[in-house]
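Here is the structure we will look at.
Protein chains get the first letters and strands the later ones, always in sequence-line order, with residue 1 at the start of each.
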Amino acid sequence: MGKTISEKILSEHSGKDVKADDFVIAKVDLCLLQDGTGPLAVKQLEQLGIKKVVNPQGIAVFLDHAAPSPRKELSNDHITLRNFARKTGCYLFEIGEGVCHQIMSELFTSPGNVLVGADSHTCTGGALGAFATGMGSTDVAVAMGLGKTWFRVPQTIKIAVSGKFKPGVYAKDFMLYLIGTLGAEGATYKALEFTGEAMVSLPMSERLVVSNMAVEAGAKAGIFASDKVTKAYLKQHGREEKYREMKSDKDAKFEKVINIEVDKLVPMVSLPHTVDNAKPIDKIGKVKIHQVFIGSCTNGRIEDLKLVAAIWKGRKRDPDTRVIVTPASKDVYLMAAKEGLLETFIEFGATVTTPGCGACVGVHGGILGDGENCISTSNRNFLGRMGNPKSSIYLASPATAAASAIKGEVTDPREYL
Amino acid sequence: MLRGKAWKFGNDISTDLIAPGRYFHLRSDLNELAKHVLEDADPQFASKVAKGDLVVGGRNFGLGSSREHAPTIIKLAGVSCVLAKSFARIFFRNAINIGLPAIECDTDKISAGDELEVNLEKGVIRDVTNKIDLKFAPLPKAMTQILGDGGLVDHIKKHGDFKIE
């Protein structure tokens with residue numbers, strides 16, 4: 001019997017021939033912590049009495065959720081993490097360097113890796129053919145201290161996507177549609193594997209969007225087979241030697257296969273307050289938008305910013321709508337500066353912030369007021385997510401969010417392409 | 001045997017409702033954070049919950065963030081057990097890791113304020129108020145082993161390594 005990508009990676013990392021539903025103890029290649037979950041992981045490691053981590057070169061700590069810190073308590077959490085990194089010799093990414101998932105993809109994650117992160121969107125790493133999954137602080141503390149963790153090998157749902165994306169429709173729209181179809185728990189405990197010509201033809205920036213949002217359908221992992229796109233991305237980031245082929249066997253056993261024709265897709269919007277509350281843009285009606293947020297680990301990449309700049313060039317934001325742009329990493333920020341995108345953003349009337357997660361997670365840099373609506377390119381619209389349970393979040397692609405900033409209401413991006 | 005009063009919640013209780021992001025700065029002060037547990041789902045909960053009480057949810061309880069603070073502050077508030085029709089994966093694993101039993105069962109028949117008794121070994125929930133018994137499937141062995149040791153930290157401390165099967 002052939003194996004899925006998850007079964008292959010977890011067999012290799014456990015030294016056993018495993019299949020879906022088996023419990024395994026598997027070696028962990030990479031761990032990530034951020035400033036929301038990291039301090040608790042450090043505390044749990046202390047509780048365990050473990051002073052050394054097994055593989056410091058495979059551990060990265062990110063100061064990204066409160067960057068720069070808006071409060072003394074969070075500044076003190078940052079001190080805890082800086083000290084931890086210094087003491088253990090693991091990597092530390094300071095404020096402004098970027099969102100953990102973006103940097104993990106740029107610098108660390110490779111096909112065939114096991115990556116565990118104390119952040120639910122760690123599944124982003126699946127875009128590179130890794131088995132990447134989100135866990136809690138204690139799990140990651142143990143993984144750092146022992147170099148391994150336990151898994152139940154997931155069943156895999158194959159998402160076979162045919163056709164070509166129409167203009168104005170992106171990977172984000174596809175994921176909102178898929179999550180709307182599967183439901184917020186439709187893939188709980190499962191891995192999703194994305195295949196078919198529409199997925200194979202996606203550039204890495206768009207694959208990262210797809211894998212990032214797998215957790216919003218409840219999935220443990222959202223995986224792509226590695227291929228020439230993976231190879232080119234690794235090369236672009238100076239890691240070509242890390243490439244290896246990673247794909248499911250032809251006779252691998254999938255729990256089920258879901259076929260989707262992407263040609264039929266239109267821009268999608270998730271309405272408050274769940275991600276699976278997704279509707280085609282022409283079914284939304286008139287929704288006033290007070291704040292537009294372009295950024296996050298889902299859609300803060302240079303490709304997103306270029307698209308947004310193309311829509312905004314020569315136009316002005318609606319005077320009643322404020323706009324926040326947060327590049328996903330320092331590299332993205334720099335590229336945006338060098339390519340003149342920042343000028344377009346500023347002329348348009350947007351506020352550009354330090355790379356990080358602040359607005360998306362309701363910590364700082366974009367907290368909503370009572371009764372306000374935000375259209376966001378992030379991955380979650382749960383009640384209270386952006387810091388205020390009396391506000392509402394609409395999720396959409398960067399193009400839809402950009403178009404909405406011009407009109408001050410939810411707007412079909414195809415009007416501006 | 002766990003015993004307490006039921007606090008009833010609906011479907012899709014996210015970690016943003018359990019441990020709101022606006023209290024992010026309290027994450028290293030868990031007792032303080034616990035004063036805000038489930039605040040956006042029921043503002044009365046944190047001040048009125050009594051030791052031993054149970055949180056009873058609908059489908060997909062704990063969806064969202066990996067923040068282990070969510071089950072931790074539910075436990076710190078005195079809750080003995082969380083019942084739900086289904087759990088989000090990371091929340092479920094976190095609950096077991098911190099020693100908070102999370103049980104999947106049909107919660108429709110439980111009403112807010114019902115007196116409940118949970119027998120983890122036998123897999124039975126007794127709704128004393130309604131005089132009904134609800135059965136649940138026992139947890140997978142790996143999880144009962146971790147839970148039995150009091151959570152993942154105690155499991156590793158006790159055995160020096162993973163000892164799950």
Side-chain angles (χ1 to χ4, degrees), chain A residues 23 25 36-37 39-41 43-44 47-50 65-66 70-74 76-77 80 117-122 133-139 141-142 145-146 148-150 152 183-185 188-189 215-216 218-220 273-274 361-364 367 380 382-389, chain B residues 11-17 19-30 32 39-41 43 59-61 63-72 85-98 140-143 145-146 151-157 160-165:
Chain A
F23 279 86
I25 309 284
T37 56
L40 183 56
K43 190 178 139 208
Q44 295 296 66
Q47 288 281 317
L48 282 162
I50 297 176
H65 280 55
R71 299 185 67 118
K72 68 178 182 343
E73 296 90 341
L74 296 166
N76 290 336
D77 286 344
T80 301
D119 188 289
S120 59
H121 293 105
T122 303
T133 195
M135 291 182 166
S137 301
T138 303
D139 266 323
V142 170
L146 301 182
K148 57 190 175 184
T149 190
W150 69 271
R152 186 165 74 177
E185 60 171 345
T188 303
Y189 303 114
V215 69
E216 307 310 334
K220 188 178 217 166
H273 298 285
T274 55
V361 77
V363 176
H364 67 112
I367 310 289
R380 286 194 173 134
F382 302 142
L383 187 78
R385 175 76 180 175
M386 292 180 79
N388 186 347
Chain B
N11 294 331
D12 293 322
I13 297 296
S14 74
T15 51
D16 284 301
L17 292 177
R22 65 179 179 278
Y23 300 118
F24 203 87
H25 58 288
L26 297 176
R27 285 194 184 182
S28 289
D29 188 350
L30 291 167
E32 201 55 39
E39 187 173 282
D40 291 340
R59 297 206 66 85
N60 207 17
F61 191 92
L63 79 159
S65 166
S66 68
R67 62 189 78 153
E68 192 175 298
H69 312 73
T72 303
K85 286 204 232 177
S86 60
F87 287 94
R89 180 183 57 84
I90 305 177
F91 180 92
F92 185 79
R93 186 168 168 137
N94 282 342
I96 302 297
N97 279 345
I98 59 131
K141 200 174 171 197
M143 293 171 198
Q145 286 169 315
I146 292 170
L152 187 60
V153 167
D154 289 335
H155 175 83
I156 301 290
K157 271 167 103 168
D161 201 340
F162 287 105
K163 271 285 173 245
I164 57 175
E165 290 166 21

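Between B:His155 and B:Phe162, the two ring planes are tilted [angle within 30° to 60°]. Aromatic ring orientation, B:Phe87 versus B:Phe92: tilted (interplanar angle from 30° to 60°).
Per-residue counts of heavy-atom pairs under 4.5 Å with chain B were compared for A:Lys148, A:His121, A:His273, A:Arg152; the largest is that of A:Lys148. Between chain B and the options A:Met386, A:Lys220, A:Glu73, A:His65, the largest number of non-hydrogen pairs under 4.5 Å is found for A:Lys220. For the set A:Thr80, A:Thr133, A:Ile50, A:Asp139, the count of heavy-atom pairs under 4.5 angstrom toward chain B peaks at A:Asp139. With respect to chain B, the highest number of heavy-atom pairs below 4.5 Å among A:Ala66, A:Gly49, A:Gly36, A:Ala41 belongs to A:Gly36. Interface summary for chain A: among B:His69, B:Arg93, B:Arg67, the most heavy-atom pairs under 4.5 angstrom belong to B:Arg93. By number of non-hydrogen pairs under 4.5 angstrom with chain A, the leading residue of B:Asn97, B:Val153, B:Asn94 is B:Val153. Chain B forms the most heavy-atom pairs under 4.5 Å with one residue out of A:Thr37, A:Asn388, A:Val142, and that residue is A:Val142. For the options A:Gly145, A:Ser137, A:Gly218, heavy-atom pairs under 4.5 Å to chain B are most numerous at A:Ser137. Most heavy-atom pairs under 4.5 Å with chain A: of the set B:Ser65, B:Pro20, B:Ala41, this distinction falls to B:Ser65.
Contact annotation for B:Asn60: both backbone and side-chain heavy atoms come within less than 4.5 Å of a heavy atom of chain A. Only the side chain of A:Thr188 comes within contact range of chain B, with at least one heavy atom under 4.5 Å from a heavy atom of that chain. For chain B, the nearby part of A:Phe23 is the side chain; its heavy atoms alone come within less than 4.5 Å. Of the atoms belonging to A:Ala219, it is backbone heavy atoms, and not side-chain ones, that fall under 4.5 Å from chain B. Of the two parts of A:Leu383, the backbone and the side chain both hold a non-hydrogen atom closer than 4.5 Å to a non-hydrogen atom of chain B. Looking at B:Pro71, neither its backbone nor its side chain comes within 4.5 Å of chain A, counting heavy atoms on both sides. Looking at A:Val361, the atoms closer than 4.5 Å to chain B (heavy atoms on both sides) sit in the backbone and in the side chain alike. No part of A:Lys72 comes within reach of chain B, as not one of its non-hydrogen atoms sits under 4.5 angstrom from that chain. Contact annotation for B:Arg27: only side-chain heavy atoms (C-beta onward) come within less than 4.5 Å of a heavy atom of chain A. Both the backbone and the side chain of A:Thr138 come within contact range of chain B, with heavy atoms under 4.5 Å apart. In this structure, the portions of A:Arg385 lying under 4.5 Å from any heavy atom of chain B include both its backbone and its side chain. For B:Leu30, the part sitting under 4.5 Å from any heavy atom of chain A is the side chain, from C-beta outward, and nothing else. Heavy-atom distances place the side chain of B:Ile146, and not its backbone, under 4.5 Å from chain A.
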Problem set entry | Check against side chain to side chain contact (heavy atoms under 4.5 Å, CB included), A:Ile25 and B:Ile164 | CA-CA 9 Å; A:Ile25 309 284; B:Ile164 57 175; 3.9 Å; yes
For this session: Report the C-alpha separation of A:Glu185 and B:Lys85 in whole Å, then their side-chain angles, then the decisive distance to 0.1 Å, and conclude whether the salt bridge (Lys or Arg N to Asp or Glu O under 4.0 Å) test is met.
Result: CA-CA 12 Å; A:Glu185 60 171 345; B:Lys85 286 204 232 177; over 6 Å; no
Exercise. Step by step, would you call A:Phe382 with B:Leu63 a side chain to side chain contact (heavy atoms under 4.5 Å, CB included)?
Worked result: CA-CA 10 Å; A:Phe382 302 142; B:Leu63 79 159; 3.5 Å; yes
Problem set entry | Stepwise side chain to side chain contact (heavy atoms under 4.5 Å, CB included) check, A:Met135 with A:Thr149 | CA-CA 11 Å; A:Met135 291 182 166; A:Thr149 190; 4.0 Å; yes
For this session: Run the numbers on A:Arg380 and A:Ser120 for side-chain hydrogen bond (donor to acceptor under 3.5 Å, both in side chains), then give the verdict.
Result: CA-CA 11 Å; A:Arg380 286 194 173 134; A:Ser120 59; 3.0 Å; yes
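Minimum heavy-atom separation, A:Ala141 to A:Gln44: CB-CB, 4.0 Å.
Atom CG of A:Leu48 and atom CG of B:Asp154 lie 9.0 Å apart (nearest 0.5 Å). Rounded to the nearest 0.5 Å, atoms NE2 (B:His25) and NE2 (A:His364) are 13.0 Å apart. Interatomic distance, A:Leu74 CG to B:Phe24 CZ, rounded to the nearest 0.5 Å: 6.5 Å. Distance check, rounded to the nearest 0.5 Å: CD1 of B:Ile98 to OG1 of B:Thr72 gives 4.0 Å.
Within a 6.0 Å sphere centred on NZ of A:Lys43, heavy atoms belonging to other residues, nucleotides or ligands number 12 at most.
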